[in-house]
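Comments concern the structure below.
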Amino acid sequence: MNTILEVKNLTMDFGGLRALDHLDLNVVEGEITAIIGPNGAGKTTFFNCITGIYNPNEGEILSSPPGKKRKKINGLKPNHVTKKGIARTFQNIRLFSNMTVLENVMIGRHCRTSSGIIGAILRGRSTIKEEKDVVDFSYNILKKTGISHLVNEFAKNLPYGAQRRLEIARAIATEPFLLLLDEPAAGMNPRETRELDELITRLRDEDNISILMIEHDMKLVMSLSDRIFVVDYGRKIAQGTPCDIINNPIVIKAYLGEDFDA
Amino acid sequence: MIKFQEIKKSFLVSLWFMFLTFPIMVIRVNPIEKIVEWRWKNMIIVGIGSFLLSFVWRYMLKKREAGEKRAETWESGKTSFMQRILEERRFYIPLVTGLTIIAVAFPFIFSMYQTSIMTTALMYIVLGLGLNIVVGLAGLLDLGYVAFYAVGAYSYALLNHHFGLGFWSALPIGAVLGFIFGILLGFPVLRLRGDYLAIVTLGFGEIIRLVLKNWNEFSFGPSGIANIDRPGFFGIQFSLQAATIYLYFLMIGLVIFTIIVVNRLQNSRIGRAWIALREDETACQAMGIDKTRTKLRAFALGATWAGMVGVIFAAKTTFINPASFTFLESAMILSIVVLGGMGSISGVIIGALILILLPEYLRAFSDYRVLIFGAIMVIMMVFRPQGIISNIRRTYKFNE
Amino acid sequence: MLRLRNINSFYGNIQVLKNVNIEISKGEIITLIGANGAGKTTTLMTISGLVPPRSGEITFMGKTIHNMSPDRIVSLGISQVPEGRRIFPYLTVLENLDMGAFLRSDKKNIKKDMEYIFDLFPILDQRRNQSGGTLSGGEQQMLAISRAIMARPTLLLLDEPSLGLAPLILRQLFETIKKITIENRITVFLVEQNANLALKAAHRGYVMENGCITLSDSAENLLSNENVRKAYLGL
Amino acid sequence: MEYFLELVLGGLTRGSIYALIALGYTMVYGIIELINFAHGEIYMIGAFTALIFTSVLTLLGFNEIAVIVLASLLAVIYSSAYGYTVEKIVYKPLRHAPRLSPLISAIGMSIFLQNYVLLAQTSDFLPFPNLIPEFEFIKPYRYIISSPEIVILITTSTVMILLTFLIKFTRIGKAMRATAQDMNMAMLVGVNVNRVISITFVIGSALAALGGVLIASHVGQINFYIGFIAGIKAFTAAVLGGIGSIPGAVLGALILGLTESFATGYVSSDYEDVFAFGLLVLILIFRPAGILGRVTTKKV
């Protein structure tokens with residue numbers, strides 16, 4: 001059991017508001033970890049801290065990619081975090097809407113390729129090869145995520161479920177060891193959610209990507225996760241396997257409000 | 001049937017504009033001789049003009065609204081007529097061949113004067129394509145583009161004046177200096193948001209112009225630099241006529257070179273990053289793209305082209321002074337990009353030809369030239385922000 | 001009183017509400033519950049005119065309102081307490097309340113209503129000259145509700161008043177909401193994620209999933225309905 | 001010392017005029033978060049309108065005071081009308097467009113208005129009559145301060161006080177502040193946001209016109225291009241103080257005025273505009289939020 005992400009004592013304040021309050025969390029290699037909690041509990045803020053969009057006020061975030069040394073990543077710029085192998089999706093879909101589906105995924109390859117201006121202008125053999133590799137790689141990812149039939153569509157014209165998938169496709173194009181999914185099932189219908197379940201499992205099993213996700217669809221969370229963290233008011237209020245969580249009265253209270261069974 | 005309501009609306013608009021333009025359009029004063037001239041005719045023109053235009057304006061707004069709704073609900077599989085011509089080989093090849101023949105024959109058919117105008121138009125095509133990298137592809141509104149143009153022009157003029165350096169040696173130097181200035185100016189400002197960036201670049205442009213105007217020892221001040229050498233060819237100096245033709249072909253060459261470069265860039269790793277950055281910066285960073293570095297590349301590359309054309313400008317006119325590098329010049333290049341279509345190569349070419357050639361040939365127009373530039377920017381943004389020819393995304397085919 | 005008929009709403013290209021039908025009668029407390037992202041907030045924004053529906057019809061007291069501007073809709077007596085409270089952060093408490101009464105011109109009654117509110121929430125009285133952004137979450141929620149009440153609405157739309165509030169404060173707040181609405185004969189349309197709380201306060205409820213209304217029943221029935229529980233916890 | 005005092009007063013005069021124009025930028029920015037590029041032209045049109053009506057009214061035989069008052073009033077009315085129209089044409093149809101679009105269309109409008117005045121009037125500098133009479137009591141101090149300077153200082157401070165009152169205590173002022181802080185919420189309490197935006201443009205334009213009249217009579221000449229430079233300077237002032245903040249705009253304008261006054265007084269007058277542009281560039285690079293601006297965390 002290798003821990004690949006360690007978060008210690010993470011605290012984030014906005015003005016007078018404390019969004020994250022001394023939060024601890026670990027992600028284990030090869031696992032699907034879920035973060036749940038009511039609206040406004042600080043889950044997305046947590047993601048933003050990990051991915052470098054916010055710089056936390058206190059605490060440490062340590063990433064240890066499989067086979068590599070452990071390193072502190074808080075304070076890094078978002079693009080460096082991605083380059084280190086942590087990719088993410090966004091809660092309110094942020095695709096490049098006027099680019100095609102394939103191009104969206106190709107952008108994900110940016111940090112794993114290197115040709116520059118001169119290369120592009122001269123278009124030498126290595127540039128052509130790199131470009132071809134990018135296209136093939138991206139197309140394969142589209143196939144894997146099940147949206148390869150939409151390859152030349154503009155991202156903005158995709159149905160909602162496909163847009164969510166494209167976000168995932170784009171993120172895994174950066175070859176992450178850890179993928180952060182921010183409410184991947186939001187707005188999906190039951191069939192799409194089922195397919196998403198399969199996709200996420202496949203990413204873990206076949207591509208060896210560990211997953212940390214924020215999700216509200218409890219059915220999905222319970223069936224997918226190996227480990228669940230429950231967050232409320234920026235604090236961790238519970239953690240454990242799905243089984244533990246279901247039977248934890250604190251969790252039920254946080255979610256449904258008090259005394260649901262009364 | 002035009003409804004009574006509509007007529008009433010237009011009538012009110014017309015009244016409003018007659019009121020609005022009354023002091024400026026109708027009265028003209030000469031404070032020195034204390035004469036007041038009343039031009040009531042203008043009021044009638046404004047009245048009728050705004051009455052008619054308000055119909056057009058409302059009609060276009062309605063059409064735009066309908067278009068937006070349609071784009072939201074339908075899959076926008078339709079491409080415009082112009083795009084199809086440009087995409088299909090069947091149309092594309094004869095079009096290119098035709099253009100090549102016209103381009104080659106042009107200076108031999110038409111007068112020197114015409115050739116010279118065409119050369120100017122070609123220069124603006126290159127400037128437009130250069131700015132298009134910055135504004136169209138990377139989405140950075142650069143209002144001080146002319147500063148780099150000035151850098152190129154002055155570097156050739158000064159090198160030529162002081163050291164007798166020739167055109168061909170100055171051309172790469174101008175380009176490099178443009179690039180360096182692009183990096184120097186771009187580095188501190190590219191973190192800024194869109195509208196701030198616009199103002200800062202505008203400020204930089206003005207600073208450079210004012211320095212050129214006031215620093216007599218360096219730039220010879222407002223009187224400028226004269227007798228700059230025309231481009232030669234391995235030491236041969238041409239007659240005026242030959243030089244004009246020579247410059248024309250040189251520009252044709254540069255246009256083709258620029259088109260190839262911009263086209264290749266557009267479909268490259270870097271070009272994609274620019275477009276993605278324009279669409280969503282946060283998502284881009286989450287994809288591992290270095291925001292500042294990528295923007296800087298676009299900015300500096302655009303500046304390089306401006307520097308290059310600057311050298312050619314100095315060589316063509318043989319005289320330069322700071323008055324050629326005002327904000328209006330930047331605005332003109334910007335309106336070329338906006339009219340043609342941001343991010344679209346063929347659009348920029350057509351935009352430049354329309355905006356540079358039309359006022360030359362329609363003499364009656366030429367007074368209104370700048371006025372029309374302004375109007376074009378407003379109208380295009382409101383009704384057709386993608387320009388005459390919108391940018392087409394490349395499509396790929398895969399065999400399963 | 002308020003009727004939504006076959007409402008379809010979009011954000012950009014994405015359809016958020018699908019054929020939504022909701023009916024609210026005078027004096028009722030109606031709640032709309034559902035998971036995050038189901039379209040609850042959009043429903044309220046559609047009623048208030050901020051997200052006009054693409055198709056369908058909304059009537060309020062017999063008037064068609066789905067093509068009216070938001071300020072007209074407020075003037076008819078629909079006030080909203082939006083999600084996240086949306087207090088004007090740099091206006092004082094007093095000014096925030098004043099903004100609530102923006103469309104009213106009866107100075108005397110405004111004054112009276114303000115006294116009424118300060119009676120209900122003495123803490124707001126203490127903080128009357130403090131700027132809204134410096135209040136605590138609970139105080140902001142009180143202010144947000146008070147601001148909406150200042151418009152003297154006949155229909156109050158409440159969007160997740162429970163968000164980020166500690167349970168004790170929450171319970172007090174709900175008591176007060178009940179009190180206000182009964183005293184002023186205000187009809188309430190309550191959107192909540194906290195299903196338990198909402199259903200206990202309401203007469204009837206609607207359950208929303210993926211932009212569709214999937215259930216509607218009396219509050220007691222919904223409270224004991226297994227499906228509601230399932231919709232929430234996926235058990 | 002006297003020279004220093006003269007420079008201070010000159011700087012304050014200049015600064016208070018910049019403040020009048022800067023307020024328009026800051027108010028519009030506060031509400032729609034866009035820079036009104038055409039604002040400088042509104043000011044220029046104000047100055048032209050004043051010049052035109054001054055000549056006409058003088059020829060019609062009005063006395064001096066009546067000319068001053070009427071011409072200023074007409075300038076304010078016309079500039080407001082232009083401001084209102086510009087908003088309707090350039091900004092309103094683009095309320096939901098990407099940020100770049102209204103920016104470009106406003107630049108276009110600015111170019112259009114410049115050339116409209118150029119073509120309908122003239123490209124020459126026109127002498128602007130000195131509308132402000134010489135006061136007797138100022139005579140002993142005239143090497144330090146002139147009566148136009150006094151009039152400008154008094155007028156601008158009065159206007160500032162009135163504006164503060166308007167924003168702080170009136171209904172429309174509150175609506176403006178509420179809209180600036182949270183536009184959607186303002187709609188939800190019944191504010192007609194479109195009207196608030198129009199009124200903001202009108203008030204900003206009226207202030208700019210006043211600035212135009214004052215500076216034109218102070219400097220003594222105008223042409224179609226004065227709006228461009230004045231616009232950028234006022235914008236610099238607004239950014240310096242923190243765009244969106246009303247006291248910030250005034251503070252920034254006074255600082256800019258003093259800087260320019262000292263720089264031209266002690267260094268060189270050739271580079272007067274360079275100082276302003278340089279200041280602008282420096283603030284935007286090092287403190288884009290300005291002196292009194294609020295630093296906000298962007299939401300993702």
Side-chain angles (χ1 to χ4, degrees), chain B residues 16-17 19-25 27-32 34 36 42 57 61 64 135 139 141 143 188-189 191-196 198-200 202-204 206-207 210-211 213-214 282 327-328 331 334-335 338 342 367-371 373-383 385, chain D residues 34-35 37 45 48-49 51-56 58-59 74 78 81-82 85 89-90 93-94 97-122 126-129 228 232 235-236 239 270-271 273-274 277-278 280-281 284-285 288 300:
Chain B
W16 174 252
F17 274 95
F19 159 73
L20 201 61
T21 54
F22 168 70
I24 306 277
M25 291 290 280
I27 313 171
R28 175 145 65 190
V29 293
N30 187 333
I32 301 163
K34 304 221 183 292
V36 174
N42 284 346
W57 184 268
L61 269 186
R64 185 188 79 158
V135 181
L141 187 54
L143 295 179
V189 303
R191 290 178 301 133
L192 297 172
R193 258 201 343 245
D195 34 7
Y196 280 11
I199 292 259
V200 174
L202 176 71
F204 267 140
E206 284 296 298
I207 289 176
L210 289 168
V211 168
K213 194 172 149 194
N214 290 313
T282 307
F327 167 64
L328 266 184
L334 181 65
S335 48
V338 169
M342 286 193 258
D367 279 347
Y368 298 95
R369 198 168 133 138
V370 188
L371 188 83
F373 290 155
I376 280 174
M377 283 197 230
V378 177
I379 291 165
M380 292 308 278
M381 279 302 118
V382 175
F383 297 115
Chain D
L34 287 168
I35 297 163
F37 266 90
I45 285 176
F48 256 95
T49 313
L51 170 67
I52 289 166
F53 283 118
T54 312
S55 309
V56 172
T58 313
L59 274 179
L74 282 164
Y78 268 100
Y82 272 93
T85 313
I89 293 176
V90 171
L94 295 172
R99 282 179 79 93
L100 213 54
S101 302
L103 213 58
I104 293 176
S105 79
I107 293 167
M109 181 51 85
S110 151
I111 295 170
F112 182 88
L113 288 176
Q114 261 178 37
N115 284 276
Y116 153 72
V117 172
L118 165 72
L119 292 169
Q121 296 287 324
T122 169
L126 295 177
F128 197 95
F228 178 73
I232 292 188
F235 175 77
T236 308
V239 173
D270 284 348
Y271 289 95
D273 294 342
V274 176
F277 292 132
L280 170 67
V281 170
L284 281 181
I285 292 168
V300 176

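Quantities reported herein were computed from a predicted structural model and do not represent experimental measurements. Lettering of chains follows the sequences in order, A, B, ..., and the numbering in each one begins at 1.
- With respect to chain D, the highest number of heavy-atom pairs below 4.5 Å among B:Val189, B:Ile207, B:Val135 belongs to B:Ile207.
- Only the side chain of B:Phe17 comes within less than 4.5 Å of a heavy atom in chain D; its backbone stays farther off.
- Between B:Phe19 and D:Tyr78, the angle of the ring planes stays under 30°, which puts this pair in the parallel group of the 30/60° scheme.
- Interface residue B:Leu192: only side-chain heavy atoms are found under 4.5 Å from chain D.
- Not counting sequence neighbours, the partners of D:Leu59 by the side-chain contact (heavy atoms from CB on, under 4.5 Å) test are B:Val36.
- Once rounded to the nearest 0.5 Å, the distance linking CD of B:Glu206 with CZ of D:Phe228 reads 4.5 Å.
- Contact annotation for B:Ile24: both backbone and side-chain heavy atoms come within less than 4.5 Å of a heavy atom of chain D.
- Neither the backbone nor the side chain of B:Ser335 comes within less than 4.5 Å of any heavy atom of chain D.
- With a 4.5 Å cut-off on non-hydrogen atoms, D:Ile232 touches chain B through its side chain but not through its backbone.
- Interface residue B:Leu202: only side-chain heavy atoms are found under 4.5 Å from chain D.
- Contacts with chain D were tallied for B:Ile376, B:Leu141, B:Ile379; B:Leu141 has the most, counting heavy-atom pairs under 4.5 Å.
- Proximity to chain B (any heavy atom under 4.5 Å) is shown, for D:Leu118, by neither the backbone nor the side chain.
- Neither the backbone nor the side chain of D:Phe128 comes within less than 4.5 Å of any heavy atom in chain B.
- Minimum heavy-atom separation, B:Ala331 to D:Ile111: CB-CD1, 3.2 Å.
- Highest contact tally toward chain B, considering only D:Thr54, D:Thr49, D:Leu119, D:Val274, is held by D:Leu119 [criterion: heavy-atom pairs under 4.5 Å].
- Side-chain atoms of B:Phe373 and D:Asn115, non-hydrogen and from C-beta on, never get closer than 4.5 Å to each other.
- With a 4.5 Å cut-off on side-chain heavy atoms, D:Phe53 and B:Pro23 count as touching.
- Within 6.0 Å of atom OH in B:Tyr368, 12 or fewer heavy atoms from other residues, nucleotides or ligands are found, so the atom counts as exposed in its surroundings.
- For B:Met342, the part lying under 4.5 angstrom from a heavy atom of chain D is the side chain only.
- Nearest heavy atom pair, residue D:Gln121 against residue B:Arg28, reads O-NH1, 2.8 Å.
- Heavy atoms of B:Val382 lying under 4.5 Å from chain D belong to its backbone as well as its side chain.
- Distance alone, capped at 3.5 Å, is enough to place a donor-acceptor pair between the D:Tyr82 side chain and the B:Leu20 backbone.
- Each of D:Thr58, D:Ile45, D:Leu280, D:Val56 has some count of heavy-atom pairs under 4.5 Å with chain B, and the biggest count is that of D:Val56.
- At a 4.5 Å heavy-atom cutoff, B:Arg369 makes no contact with chain D through either its backbone or its side chain.
- Side-chain contact between B:Ile199 and D:Phe235: present, with at least one pair of heavy atoms (C-beta onward) separated by less than 4.5 Å.
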Anything under 3.5 Å between a donor and an acceptor, one on a side chain of residues 98-110 of chain D, the other on a protein residue two or more places apart or in another chain? List them.
from     : atom 1 : to       : atom 2 : distance (Å)
D:Arg99  : NH2    : B:Asp195 : OD1    : 3.4
D:Arg99  : NH2    : B:Asp195 : OD2    : 2.8
D:Arg99  : NH2    : D:Glu33  : O      : 3.3
D:Ser105 : OG     : D:Val90  : O      : 3.4
D:Ser105 : OG     : D:Pro102 : O      : 3.2
D:Ser110 : OG     : D:Glu41  : OE1    : 2.9

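- The contact between B:Leu328 and chain D is made entirely by side chain atoms (from C-beta outward), counting heavy-atom distances below 4.5 Å.
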